[in-house]
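Have a look at the structure below before the remarks.
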Amino acid sequence: MAENDRVLAAARAWAGAPMALATVVSTWGSAPRPRGSHMLVHADGRFEGSVSGGCVETDILATAAEVIAGAPAVVKNYGVADAAAWEVGLPCGGEIAVLVQPVSAEGFSPHLFEAIEAARAEGAAFDVATDLETGRSAPGSAGAFVNRYDPPRRLLIVGAVQIAQHLAGLARELGMATYVIDPRGRFLTEARFPGVILDDRWPDEAITALRPDPATALVTLSHDPKIDDAALLAALACRTGYVAALGSRKSHAARLERLAAAGAAPDALARIEGPAGMHIGAIGPAEIALSIAASMVRSFHADA
């Protein structure tokens, strides 16, 4: 989750300070945040992340202060049936259980943050198991509650066209590291693509160097077979999580023929979503970008 990316960054920035970690360990009904969501609380009252989108954070902050001061880890339960449901509860009707534990050897060890980040930097997932009775966490998948930290999501956009400008903006809002790849220098400018990583190498070279993994999406948008086909072949040679290509059904059929002639196997070609994007009746670059972003997110959740 992108929100947990920010929690991991805060843990790195606050290393050495007394902290408590709140984690959603179970949900029922229309819970506002998914299982595994974190909220990290600094001893000075600063916090990063969310466990309920604002419904119970005030109570979590108070509990975290007690845990930082030496109180044992505790699981707090919140739901609409609580006596103070509209003050500290979930008026939306869901229920959640939140573990609040110290960031220490007796709770969530600071070394676990380092191990999670090291694994994710290598494109690997990392499991942390927690004993909810003691509030102690350790690496592995054996425990009452196991949280998986997947590699950070990335988006590789091939073709610095107008749709790419909108798609890059959406990806940034989704917390994805975004790369725009295009050997055509006039298209690939910081003015057109602020806040993203620009790569002017040929797509096959760039993609091979970036080593896309299951948490990486690649979308080709250039409409130039010399650029798009090279990118797709490189993406299919990796464990790329989502691969899509813009174009009509007719142009996609022709694309598949070219890629097959270049040596791509049928099962690899079946991984390409073409035409790219969820069918929402999109018109214009912004709506097409939205349809691609929606399909990309759906694919990531389907594989989770």
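Hydrophobic clustering of Ile, Leu, Val, Met, Phe, Trp and Tyr side chains at less than 4.5 Å, counting indirect connections, keeps Ile157 apart from Phe187. Tracing side-chain contacts under 4.5 Å through hydrophobic residues (I, L, V, M, F, W, Y), one reaches Val98 starting from Val74; they form part of the same cluster. Cluster annotation: Leu210 is not connected to Val180 through the hydrophobic network of ILVMFWY side chains, with a link wherever side-chain heavy atoms come within less than 4.5 Å.
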Begin from the C-alpha positions of Ile227 and Trp202 and carry the test side chain to side chain contact (heavy atoms under 4.5 Å, CB included) through to its verdict.
CA-CA 7 Å; Ile227 295 174; Trp202 276 93; 3.8 Å; yes
Apply side-chain hydrogen bond (donor to acceptor under 3.5 Å, both in side chains) to the pair Glu95 and Tyr78, showing each step before the final yes or no.
CA-CA 6 Å; Glu95 296 180 24; Tyr78 302 98; over 6 Å; no
Derivation of the side-chain hydrogen bond (donor to acceptor under 3.5 Å, both in side chains) call for His252 and Arg249:
CA-CA 5 Å; His252 186 60; Arg249 287 181 172 80; over 6 Å; no
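Here CG of Leu167 is found 11.0 Å from CD1 of Ile288. Values are rounded to the nearest 0.5 Å. Between Ile280 atom CD1 and Ser291 atom OG the span is 5.0 Å, to the nearest 0.5 Å. Going from atom CG of Asp150 over to atom CG of Asp213 covers 9.5 Å, rounded to the nearest 0.5 Å. Rounded to the nearest 0.5 angstrom, Leu246 CG and Asp228 CG are separated by 8.5 Å. Rounding to the nearest 0.5 Å places CG of Leu156 at 11.5 Å from OG1 of Thr220. Between the CG atom in Leu256 and the CD1 atom in Ile272 there is a gap of 6.0 Å [rounded to 0.5 Å].
Side-chain contact check for Arg33 and Ser52: no donor-acceptor pair (N or O, by modelled atom type) lies under 3.5 Å.
Other residues, nucleotides and ligands contribute over 12 non-hydrogen atoms within 6.0 Å of the CZ atom of Arg201. More than 12 heavy-atom neighbours from other residues, nucleotides or ligands sit within 6.0 angstrom of CZ on Arg258. For CZ of Arg46, the number of neighbouring non-hydrogen atoms (other residues, nucleotides, ligands) closer than 6.0 Å is greater than 12.
Annotation for Gly185 and Thr189: closest pair O-CG2, 3.9 Å, computed over non-hydrogen atoms.
Taking the six-membered ring where the residue is Trp, Phe108 and Tyr149 present perpendicular rings, their angle passing 60° and hence far from 30°.
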